Amino acid sequence: MGEVITIDNFTSRMSPFDGTKNALYALVDMGSNGIRFSISDLSPPRSRLLHCIYRERAGISLYDALHEETPDSKPFHFSQNTISQVSQTLARFRGICDSYGVPGEHTQVFATEAMRTAENRDAMLRAIKGASGLTVDILSPGMESLFGAMGARSGFDHVDGLFMDLGGGSVQMTYVNSKEEDDYDILAAEAAKSMPYGAAKLTAALSTQATAHSTKTELKTMMKETFEGMKKKFPQLNAQIQHKEGVTIYFCGDPIQPYPIPAIGGYTVPGSRFVRWDQMLKANGYDGKIYGLSKRRRDQFPAIVTVVQALIEAVPIINKVIFCSGGNREGVLYMKLPPDVRESHPGPFLPGTQSSEHGIVHAVVDKLTSALPTDKYPPVFSASLLHYVARNIWIDMGDPADANSAKALHTPISGSLAGLPGLDHQSRAILALTMCARWGTDIGPIDKILFSNLRLLIGAELSWWCDYIGTTSRLLGTVIPVSPTSVKDSDIVSLHSSTSAGLGKKGHKIGIRLRIKLVKKGGADGLAAMFNSVGKNLSLDWKVEAEVEDLQ
């Protein structure tokens with residue numbers, strides 16, 4: 001009725017992406033806290049983005065269903081009502097898949113902890129098969145850890161740290177370093193440990209005084225033993241502790257989304273903030289509604305904090321924690337891709353970075369980087385981010401600056417860039433502020449609130465660089481008023497920069513001296529003045545002094 005998927009057989013059980021004409025894949029993740037449905041398009045060349053075209057969640061808790069108390073219920077048995085509800089829900093999704101044209105062999109259903117422990121799971125599997133024609137595969141704990149870790153990993157170019165996946169019935173831990181071994185994914189799965197302390201199960205155990213203390217003690221002991229085992233198996237992880245670097249933790253799972261804010265693409269907090277579990281409980285205790293947190297999730301929050309406490313005690317030095325939006329669904333899709341596609345950087349496939357005139361875009365990026373002091377600007381302004389900026393300098397030139405400023409501010413957060421892998425919260429904020437500055441940051445009162453909050457999110461120094469790079473883009477869009485059609489078109493301007501002290505009227509400021517050289521100085525009025533607003537309202541004494549010269 002359904003096979004248990006393990007490390008040894010998962011490659012034969014999964015239908016790999018073969019680059020065929022129909023690249024639609026449908027997945028059903030039957031978790032303990034809810035059932036998630038999705039259809040994704042893996043069409044090249046953007047397969048790496050795992051583009052989801054349909055998404056739905058059924059609030060059916062299989063964990064609760066196993067433990068519900070009714071006159072006819074048995075421990076660890078699904079009731080007939082639950083079996084009927086689940087099978088009909090999957091039958092409905094099968095119809096949706098048919099409407100989208102998803103091939104039958106591209107549809108996969110997998111279940112985790114609740115289905116593994118149900119004593120009448122065969123009755124559930126038969127009902128699902130009869131109603132929908134779908135076969136359910138049961139993930140072993142190792143495979144659940146693998147797919148969870150790879151789902152979170154899919155959102156980044158490179159990962160190195162502990163992966164924690166908190167579900168309803170269990171919490172998984174493993175270590176993933178994507179630059180260490182070719183088979184790092186299998187090594188991570190083999191090392192993974194599943195602890196029976198998911199949010200729903202832990203909430204139930206903590207609700208009674210008789211089991212609360214012993215459960216906390218058992219959890220802390222198991223968490224510490226699991227981490228110590230990881231250190232012995234992975235010397236790199238042990239070295240991070242020994243050298244006082246601290247460990248990066250990638251935290252994902254249904255109960256922590258959001259935590260307490262949306263974690264699309266990855267939200268990063270320093271270890272010093274993560275250890276303040278008391279503040280987490282305080283935030284959850286807010287009387288009003290918290291956006292994105294249902295009553296069920298808020299009820300489970302003390303259990304989540306209990307897991308956090310155990311993790312803090314087990315890991316002596318935490319560098320940072322990244323709350324990831326990826327899960328089993330993304331992990332299954334990610335593992336379907338060929339290895340070379342899986343390990344490719346997602347950045348070049350972001351919307352707005354595709355161009356047949358690659359040489360032209362590269363020339364514009366060169367112009368931008370020539371305005372940046374060598375090795376003096378933050379590395380977060382990567383080649384892929386600058387590529388996106390360069391490609392979008394001349395987009396919507398016919399629209400007003402205020403409309404473009406507002407659109408630029410929102411696009412990375414809620415527009416075409418939202419939810420794409422390779423962009424964490426910091427990268428999205430940087431793109432929003434940089435492209436807003438490209439249009440002169442001409443925004444209304446409502447957007448000024450978002451603008452200020454984004455600045456607070458990334459800090460004054462990164463915000464200053466967003467202003468500077470965005471203003472440099474504005475300069476290029478002014479002196480080259482038409483999107484370049486050849487590399488030669490960009491040669492009418494040359495930029496040279498250097499860091500300098502003694503800037504400003506009193507010579508008390510530090511910053512950048514920028515020399516702008518033009519083939520024709522005609523129309524150069526106001527170019528240098530563009531940079532006067534860089535860093536406005538930031539608590540920095542940095543300045544840009546720009547001057548325009550003949551290119552000759």
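On a predicted model such as this, the values are computed, not experimentally measured, just so you know.
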* Checking side chain to side chain contact (heavy atoms under 4.5 Å, CB included) for the pair Ser87/Lys129: CA distance, chi angles, key distance, verdict? -> CA-CA 8 Å; Ser87 60; Lys129 181 72 172 178; over 6 Å; no
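- Annotation: Phe76, atom CZ; neighbour count of heavy atoms from other residues, nucleotides and ligands within 6.0 Å does not exceed 12.
- Atom OG of Ser32 and atom CD1 of Ile60 lie 13.0 Å apart (nearest 0.5 Å).
- A distance of 13.0 Å separates OG1 in Thr82 from NE2 in His77, rounded to the nearest 0.5 Å.
- Side-chain atoms of Ser140 come within 3.5 Å of backbone atoms of Ile5 as a donor-acceptor pair (strictly under, hydrogens ignored).
- When atom types are taken as modelled, the side chain of Arg116 and the backbone of Leu139 share a donor-acceptor pair closer than 3.5 angstrom.
- Here Asn81 pairs with Ser79 under the side-chain contact (heavy atoms from CB on, under 4.5 Å) rule; sequence neighbours left out.
- For Lys193, the NZ atom is loosely surrounded, since the number of other residues' heavy atoms within 6.0 Å does not exceed 12.
- Salt bridge absent: Asp41 and Arg46 never bring a charged side-chain N and a carboxylate O closer than 4.0 Å.
- Side-chain contact check for Tyr25 and Arg329: no donor-acceptor pair (N or O, by modelled atom type) lies under 3.5 Å.
- Put simply, the residue from Val109, Val86, Thr89 that forms a side-chain contact (heavy atoms from CB on, under 4.5 Å) with Ile35 is Val86.
- Side-chain contact of Arg92 with Ser132: a donor-acceptor pair under 3.5 Å is absent, judged by distance alone.
- Thr208 and Thr211 share a donor-acceptor pair across their side chains, judged by distance under 3.5 Å alone.
- A 6.0 Å sphere centred on NZ of Lys231 holds more than 12 heavy atoms belonging to other residues, nucleotides or ligands.
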* Decide side chain to side chain contact (heavy atoms under 4.5 Å, CB included) for Glu313 and Lys224; before the verdict, give the C-alpha distance in whole Å, the side-chain angles of both, and the deciding distance to 0.1 Å. => CA-CA 7 Å; Glu313 292 187 22; Lys224 187 173 181 60; over 6 Å; no
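- Exactly one of Phe323, Tyr175, Phe156 qualifies for a ring-ring contact (aromatic ring centres under 6.0 Å, His included) with Tyr250. That residue is Phe156.
- We find that Glu228 and Lys233 are not joined by a salt bridge, their nearest charged nitrogen and carboxylate oxygen being 4.0 Å or further apart.
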